[in-house]
Amino acid sequence: MNYALLGALIALPAFGQEQAIQRELIMRQQQSDAFTLQLRQSQQQLQIPSGDLRRRVELEASQLRQRQELDNLSARQLTEAGGDTPAELRPLERLKFEEQRRTLLTPQQASNTGESR
């Protein structure tokens, strides 16, 4: 009985470290996605003629919504990350989170590209 308790006490810090590592990996990918979005938005702004204020305001409002949606999704993902997920499924959890962020950004990028033509 004492060995089981000792084993559980030893495994507990490792479990906490795995959760922390999972969160850090997710945060780094989220930062990368946020930077990619910022870069894409900057490029979109450069395509609008300086005198087209209406289009610039519309684009800025759309871009702000995109950033807010990404921030909200990222916060929700960090809350969900690692909780009850077994260690062997955590890479799949990261992939699922990444796909959620990609689907959030991709359609809006396509619609903005269509507007700038």
Fill in the blank from the handout: To the nearest 0.5 Å, atom CD of Gln44 lies from atom CD of Glu60 at 11.5 Å

Practice task
Examine distances only and state if a side-chain atom of Thr85 and a backbone atom of Ala81 form a donor-acceptor pair shorter than 3.5 Å.
Solution key: no

Handout entry: Closest heavy-atom pair and its distance - Ser50, Arg56
Key = CA-NH2, 4.1 Å

Practice task
Test Arg94 against Glu98 for side-chain contact (heavy atoms from CB on, under 4.5 Å), laying out the working first.
Solution key: CA-CA 6 Å; Arg94 288 193 309 272; Glu98 184 175 348; over 6 Å; no

Handout entry: Check: Arg101 side chain, Asp33 main-chain N or O, donor-acceptor pair, under 3.5 Å
Key = no

Handout entry: Separation between CZ of Arg90 and CD of Glu88, rounded to the nearest 0.5 Å
Key = 9.0 Å

Practice task
Among Leu53, Leu59, Asp52, Val57, find the residue that satisfies the side-chain contact (heavy atoms from CB on, under 4.5 Å) test when tested with Arg55.
Solution key: Asp52

Practice task
Taking the side chain as every heavy atom from C-beta outward, state whether Gln63 and Leu37 have any pair of such atoms under 4.5 Å apart.
Solution key: no

Exercise for the section: Taking the side chain as every heavy atom from C-beta outward, state whether Gln30 and Leu73 have any pair of such atoms under 4.5 Å apart. Expected result: no

Problem - Gln31 side, atom CD; Ile26 side, atom CD1 - distance, nearest 0.5 Å - result: 12.5 Å

Handout entry: Donor-acceptor contact below 3.5 Å, side chain Ser42 vs main chain Gln38
Key = yes

Practice task
To the nearest 0.5 Å, tell me how far Arg65 CZ sits from Leu70 CG.
Solution key: 15.0 Å

Practice task
Supply the atom-to-atom distance Glu69 CD to Leu64 CG, rounded to the nearest 0.5 angstrom.
Solution key: 10.0 Å

Exercise for the section: Quick one: closest heavy-atom pair of Phe97 and Glu80, and the distance? Expected result: CE2-OE1, 3.7 Å

Exercise for the section: Could you tell me the separation between the OG1 atom of Thr36 and the CD atom of Gln29, rounded to the nearest 0.5 Å? Expected result: 8.0 Å

Fill in the blank from the handout: Shortest non-hydrogen pair, Glu58 vs Arg54, comes out as OE2-NH1, 2.8 Å

